[in-house]
Novice: 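My structure is below; once you've seen it, I'll send some questions.
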Number of protein chains: 4
Amino acid sequence: MITELRRLKNRARRDATRQRLIEVAKKIFAEKGYHNTIVSDIVKGAGVGQGTFYRNFKDKRDIFENLLNELTEKLLSSFSDMSSELPQNSNEYREASIRAIKRMINIVVANKELVKIYIKEAITVDKELENKIYEFQIRFAQLAKYYLDHAIEKGFARRCNSDIVSKSIVGLGFSLLNMWLGGIIKEEDVDDIITEVIDFAFFGLVGSVNPKGVEL
Amino acid sequence: MITELRRLKNRARRDATRQRLIEVAKKIFAEKGYHNTIVSDIVKGAGVGQGTFYRNFKDKRDIFENLLNELTEKLLSSFSDMSSELPQNSNEYREASIRAIKRMINIVVANKELVKIYIKEAITVDKELENKIYEFQIRFAQLAKYYLDHAIEKGFARRCNSDIVSKSIVGLGFSLLNMWLGGIIKEEDVDDIITEVIDFAFFGLVGSVNPKGVEL
Amino acid sequence: MITELRRLKNRARRDATRQRLIEVAKKIFAEKGYHNTIVSDIVKGAGVGQGTFYRNFKDKRDIFENLLNELTEKLLSSFSDMSSELPQNSNEYREASIRAIKRMINIVVANKELVKIYIKEAITVDKELENKIYEFQIRFAQLAKYYLDHAIEKGFARRCNSDIVSKSIVGLGFSLLNMWLGGIIKEEDVDDIITEVIDFAFFGLVGSVNPKGVEL
Amino acid sequence: MITELRRLKNRARRDATRQRLIEVAKKIFAEKGYHNTIVSDIVKGAGVGQGTFYRNFKDKRDIFENLLNELTEKLLSSFSDMSSELPQNSNEYREASIRAIKRMINIVVANKELVKIYIKEAITVDKELENKIYEFQIRFAQLAKYYLDHAIEKGFARRCNSDIVSKSIVGLGFSLLNMWLGGIIKEEDVDDIITEVIDFAFFGLVGSVNPKGVEL
DNA sequence: GATGAATGAGAATTCATTCAT
DNA sequence: GATGAATGAATTCTCATTCAT
């Protein structure tokens with residue numbers, strides 16, 4: 001039926017507009033920050049009418065939350081398949097961590113703008129989004145704790161308050177991300193950075209003389 | 001002379017007003033965030049006229065920057081005396097770190113609101129303040145690096161990319177602070193948290209079986 | 001010919017759509033009032049596209065005027081046959097009035113929504129509709145005056161300024177309608193209300209001891 | 001103290017501005033109707049800045065409600081002293097009614113614009129104001145009923161459903177007011193109109209041959 | 001110097017209306 | 001002819017800033 005085809009085409013047109021708005025918003029939010037962006041910036045950037053924005057989103061916060069959810073889904077889905085096999089020794093643990101971090105970093109690199117928004121801006125919008133971000137961090141920490149507890153139990157991780165330590169790990173990660181996004185850490189060789197950070201996380205400042213890749 | 005007395009009184013009154021504005025701004029910024037605070041919130045809170053605000057500060061950003069500087073000075077002055085003697089072994093390094101952290105935490109606890117503003121809000125105001133915060137973090141990282149390099153040289157710290165690692169340490173600290181301010185880490189026993197985090201920083205996830213306080 | 005058939009079908013479809021829009025508009029105007037209704041309310045209610053509305057009506061006011069005319073025609077046509085025979089005594093006058101009112105009430109009950117719109121909303125749209133409503137009231141008053149003048153002449157109504165009095169009667173009627181629509185007068189027994197009001201109109205507050213149905 | 005004087009002057013200035021806005025709003029609402037008035041009409045008319053309006057009133061509805069309350073208070077206060085002595089016979093009842101009506105009319109004439117708004121516009125703003133108006137009408141009807149019940153008891157008014165009849169009386173009054181404001185009833189001699197309407201209310205269409213001023 | 005009323009520029013938002021499909 | 005996405009003019013509303021007292 002014609003009406004069905006029409007509906008599809010309309011839907012496609014609208015989705016395209018919506019997507020254009022989202023892309024533009026992402027770019028501008030990352031550039032100028034959430035608070036310094038006004039709706040008409042986005043509208044102008046997308047080349048649509050002011051009303052079109054409000055047809056698609058309730059307000060600035062709404063499109064922002066959409067962006068947030070977009071990244072959240074990407075990150076979570078990337079970890080949905082991870083929990084399959086638990087590491088059986090320190091080395092496997094280390095390798096698994098590196099793999100996880102690399103996967104994360106790929107997503108981060110592919111969504112640099114989103115991540116910047118995510119980490120810097122979202123917590124200053126309002127309490128609701130602030131909590132959303134915190135809950136997300138907590139989920140990460142819980143995942144880290146799951147692996148850490150396992151490692152402690154199996155004896156290849158130091159006995160410790162795994163709650164605090166896993167939160168430390170996640171915080172460490174977010175911080176470095178933030179520094180990298182903020183330009184404090186210059187890009188250089190990402191792999192080197194990962195190795196350094198992993199070594200720090202596994203062996204601390206003191207550690208052994210030549211810990212790299214060596215099982216203790 | 002009366003005029004002189006008058007002038008003094010005026011100045012005292014003005015300073016008091018200014019101080020009250022600063023105190024109130026601190027409280028409100030911490031509560032509602034920089035962007036969700038309007039000048040009239042501060043003015044109402046301080047019980048002064050709208051014009052009085054503009055007599056004391058150029059605009060909202062100006063009073064905010066004042067708050068920022070307040071904390072920066074407090075933190076820096078607290079570290080001005082620290083660099084006296086360098087640790088001579090792992091244990092001294094550890095003890096010195098704990099002392100430094102505790103000193104920091106005291107300042108943080110005494111200025112919880114300021115710290116919250118500092119960490120959460122300042123980077124979203126504009127590029128200038130963003131950089132100011134980053135530079136401050138870099139200074140901290142440099143201080144950490146100074147000690148770390150010393151420890152590596154002396155042989156009681158693992159050889160590593162001390163630039164990345166010291167930034168990691170600072171990031172770790174800021175993150176945990178953030179989590180604590182955000183309520184992700186419940187207050188409980190701060191000393192326990194410090195020990196845990198220090199152990200993590202010194203011995204990593206793997207570490208030795210019972211590292212607490214034991215020199216390797 | 002197919003084209004002819006097509007044209008007929010199209011017309012039928014269009015008429016149906018138009019009618020649906022009118023029905024929905026009636027309902028929504030009555031519910032939310034003219035000013036608090038937006039075109040898209042009507043369009044959504046009717047399940048048609050926004051453009052379809054403008055294909056059938058010039059604008060919101062246009063569809064509103066259509067509703068108005070609908071009721072006007074109904075009311076006027078209901079009175080076109082009434083003026084046949086004039087009452088010859090007070091009792092006939094009274095009976096005729098009751099009949100007229102009941103006929104009116106039937107129309108009103110059958111078109112409650114329209115009447116509500118008519119009485120409440122129409123006068124606030126613009127001067128033109130305001131006048132239209134007033135002219136309609138005047139026509140009613142003239143009709144009432146015609147009967148009243150006749151009754152005065154024949155001697156079974158009190159000599160009075162029939163212009164003012166007939167306007168009073170019409171006003172009374174509209175007011176009670178309004179109160180009923182507004183819920184000030186609860187529905188109870190409509191016949192009772194009619195009798196009471198007719199008695200009030202015929203005999204006033206003072207009247208005779210037991211005027212009901214009794215010719216003075 | 002200087003501050004006290006200042007406060008007084010400020011208050012006076014603000015009140016003057018507020019009052020100017022109210023006066024202008026009254027005029028414009030009466031002219032163009034509530035719905036066809038925009039805030040900037042009022043602002044321009046009052047010669048103040050747009051912000052000044054919002055300093056004094058929440059929105060258009062708010063200033064409108066203020067106008068409404070203004071009239072309500074005027075009308076109610078005019079009746080607060082009325083309930084003193086109850087009429088002892090038909091003639092006193094009639095005289096009291098005439099006095100009441102005249103008092104009302106004086107207020108109405110002095111607040112023609114307000115009354116027009118009151119009767120025509122208020123019920124179309126929203127449910128809340130609609131109810132407010134209805135409740136006001138009910139209060140009037142209750143007052144009328146109080147006198148009517150007394151008259152029936154004393155035997156100088158016809159036994160009737162005083163609830164319906166008093167509502168009829170109030171409705172009659174409001175209607176005529178409306179007609180007069182709408183220009184359906186030309187102003188001529190107000191006293192004549194009052195006499196006619198009172199006669200109609202007391203003696204109905206039928207009444208006695210020469211009821212004016214004569215006690216039955 | 002302090003005040004707070006007034007301001008108006010600019011941002012958000014709505015909604016009647018158009019128009020490509 | 002029907003549709004509903006897109007539009008932007010018009011309106012509301014906010015809030016930093018000024019300025020008369």
Side-chain angles (χ1 to χ4, degrees), chain A residues 2-3 5-18 21 37-41 43 46-61, chain B residues 6-7 9-11 13-14 17 37-44 47-61, chain C residues 6-7 9-11 13-14 17 37-44 47-61, chain D residues 2-3 5-18 21 37-41 43 46-61:
Chain A
I2 281 180
T3 331
L5 181 63
R6 162 67 43 80
R7 194 171 299 164
L8 246 69
K9 276 194 174 174
N10 273 336
R11 166 73 66 116
R13 178 152 63 121
R14 189 165 170 177
D15 281 357
T17 304
R18 189 187 164 87
L21 281 166
T37 299
I38 62 179
V39 173
S40 80
D41 289 336
V43 158
V48 300
Q50 191 89 355
T52 305
F53 179 89
Y54 287 95
R55 250 196 134 250
N56 284 281
F57 303 98
K58 199 180 146 290
D59 49 21
K60 189 172 71 159
R61 190 192 179 283
Chain B
R6 162 78 46 86
R7 191 175 303 165
K9 275 196 173 173
N10 273 342
R11 169 169 277 268
R13 181 147 52 107
R14 182 164 171 181
T17 302
T37 298
I38 63 181
V39 173
S40 81
D41 288 337
I42 301 171
V43 157
K44 262 178 225 154
V48 301
Q50 195 89 352
T52 307
F53 179 90
Y54 286 93
R55 179 159 293 284
N56 284 281
F57 303 97
K58 199 178 144 287
D59 50 22
K60 187 171 74 159
R61 190 191 180 285
Chain C
R6 161 80 44 86
R7 191 175 302 164
K9 275 195 173 174
N10 274 343
R11 170 168 274 268
R13 181 147 52 110
R14 182 165 172 182
T17 302
T37 298
I38 63 181
V39 173
S40 81
D41 288 336
I42 301 171
V43 157
K44 262 179 226 152
V48 300
Q50 195 90 352
T52 307
F53 179 90
Y54 286 93
R55 180 160 291 285
N56 284 280
F57 302 98
K58 199 177 144 288
D59 50 22
K60 187 171 75 160
R61 190 191 180 285
Chain D
I2 281 180
T3 333
L5 181 63
R6 161 68 43 82
R7 195 170 297 166
L8 247 66
K9 278 195 174 175
N10 273 336
R11 166 72 66 117
R13 179 153 61 121
R14 189 165 171 177
D15 281 357
T17 304
R18 189 186 162 87
L21 280 166
T37 299
I38 62 180
V39 172
S40 79
D41 289 336
V43 158
V48 300
Q50 190 90 355
T52 306
F53 178 89
Y54 288 96
R55 252 198 132 249
N56 285 281
F57 303 97
K58 199 180 145 289
D59 50 21
K60 190 172 70 160
R61 190 193 180 284

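A, B, ... follow the sequence lines: proteins, then strands. Residue 1 opens every chain. These values consider heavy atoms only, across backbone and side chains, with no hydrogens, waters or symmetry-generated copies.
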Novice: Output the rounded distance in Å from CZ (Arg55(B)) to P (dT17(F)).
Specialist: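 Roughly 15 Å, once rounded to whole Å.
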Novice: Would you mind reading off the distance between Asp41(C) atom CG and dT17(E) atom C1', rounded to a whole angstrom?
Specialist: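 Rounding to the nearest Å, CG of Asp41(C) and C1' of dT17(E) are 16 Å apart.
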Novice: OP1, OP2 of dC15(E) versus side-chain N and O of Ser40(C): anything below 4.0 Å?
Specialist: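 No, Ser40(C) has no side-chain N/O under 4.0 Å of OP1/OP2 on dC15(E).
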Novice: Whole Å only: how far is the CZ atom of Arg61(D) from the C1' atom of dT12(F)?
Specialist: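 Interatomic distance, CZ of Arg61(D) to C1' of dT12(F): 16 Å.
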Novice: Report the distance from atom CZ of Phe57(A) to atom P of dA11(E), rounded to the nearest whole Å.
Specialist: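 Phe57(A) atom CZ is separated from dA11(E) atom P by 21 Å.
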Novice: Mind listing the closest non-hydrogen atom pair of Asn56(B) and Thr52(B) along with its distance?
Specialist: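 Shortest heavy-atom separation between Asn56(B) and Thr52(B) comes out as ND2-O, 2.9 Å.
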Novice: Measure from CZ on Phe53(D) to P on dG8(E) and round the result to the nearest Å.
Specialist: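 Value for this atom pair: 17 Å.
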Novice: Using a 4.0 Å heavy-atom cut-off, does Val48(D) contact any base of the nucleic acid, only the sugar-phosphate backbone, or nothing at all?
Specialist: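 Since only primed, P, OP1 and OP2 atoms lie under 4.0 Å of Val48(D), the category is sugar-phosphate.
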Novice: Whether Thr52(D) contacts dT7(E) is assessed here as follows: a side-chain N or O lying under 4.0 Å from the phosphate OP1 or OP2. Is that the case?
Specialist: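 Yes, such a contact exists.
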Novice: Which nucleotide in the set dT21(F), dT7(E), dA16(E) lies at the smallest distance from any side-chain heavy atom of Lys9(D)?
Specialist: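 From the listed options, dT21(F) comes nearest.
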Novice: Closest-nucleotide mapping onto DNA chain E: is Lys60(C) or Lys60(A) further toward the 5' terminus? I mean the 5' end.
Specialist: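 Here Lys60(A) is the residue nearer the 5' end.
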Novice: Counting heavy atoms from C-beta on, name the nucleotide in dA6(F), dA5(E), dT17(E) closest to the side chain of Asn10(D).
Specialist: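 Nearest to the side-chain atoms of Asn10(D), counting from C-beta on, is dA5(E).
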Novice: Nearest nucleotide by nearest heavy atom, which residue falls closer to the 5' end of DNA chain E, Gly49(D) or Asn56(B)?
Specialist: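 By nearest-heavy-atom nucleotide position, the 5'-most residue is Asn56(B).
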Novice: Heavy-atom nearest nucleotide on DNA chain F for Arg18(A) versus Gly47(C): which residue maps closer to 5'?
Specialist: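 Its nearest nucleotide lies further toward 5', so the answer is Gly47(C).
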Novice: Name the pairing partner of dT21(E), where a pair is Watson-Crick or G-U wobble with both distances under 3.5 Å, or state none.
Specialist: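 Matched dT21(E) with dA2(F) under the 3.5 Å cut-off.
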Novice: Can you give me the closest heavy-atom contact between Phe53(A) and Val43(A), atom names plus distance?
Specialist: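 Between these two residues, the closest heavy atoms are CB-CG2, 3.6 Å.
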Novice: Using a cut-off of strictly less than 4.0 Å, decide whether Tyr54(D) has a side-chain nitrogen or oxygen near OP1 or OP2 of dT14(F).
Specialist: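 Checking dT14(F) against Tyr54(D), no side-chain N or O comes under 4.0 Å of OP1 or OP2.
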Novice: Go through it in stages, so that I can follow the logic: the residues are Ile38(B) and Lys60(B), the test is side-chain contact (heavy atoms from CB on, under 4.5 Å), and I'd like the CA-CA distance, side-chain angles, deciding distance and then a yes or no.
Specialist: CA-CA 8 Å; Ile38(B) 63 181; Lys60(B) 187 171 74 159; 5.8 Å; no
Novice: Rounded to the nearest 0.5 Å, how far does CZ of Arg55(B) lie from CD of Gln50(B)?
Specialist: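 Taking CD in Gln50(B) and CZ in Arg55(B), the distance rounds to 13.5 Å.
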Novice: Searching all strands shown, indicate the nucleotide that pairs with dG10(E) (Watson-Crick or G-U wobble; both distances under 3.5 Å).
Specialist: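 The base-pairing partner of dG10(E), which may sit in any strand shown, is dC13(F).
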Novice: Arg13(A) has an atom CZ; how far is it from atom C1' of dT18(E), in whole Å?
Specialist: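 Roughly 12 Å, once rounded to whole Å.
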Novice: Just so I know, are the side chains of Tyr54(A) and Val39(A) near enough to count as touching, which here means a heavy-atom distance under 4.5 Å?
Specialist: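 They are in contact (side-chain heavy atoms under 4.5 Å apart), so the answer is yes.
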Novice: What is the distance from CG of Asp59(B) to P of dA16(F), rounded to the nearest Å?
Specialist: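 That distance rounds to 10 Å.
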Novice: Which nucleotide wins on minimum distance to the side chain of Gln50(D), given the candidates dT3(F), dA9(E), dA6(E)?
Specialist: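 The nucleotide sitting nearest to the side chain is dA9(E).
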Novice: Starting from P on dA9(F), measure out to CD1 on Ile38(D) and report it in whole angstrom.
Specialist: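 Checked: the CD1 to P distance equals 16 Å.
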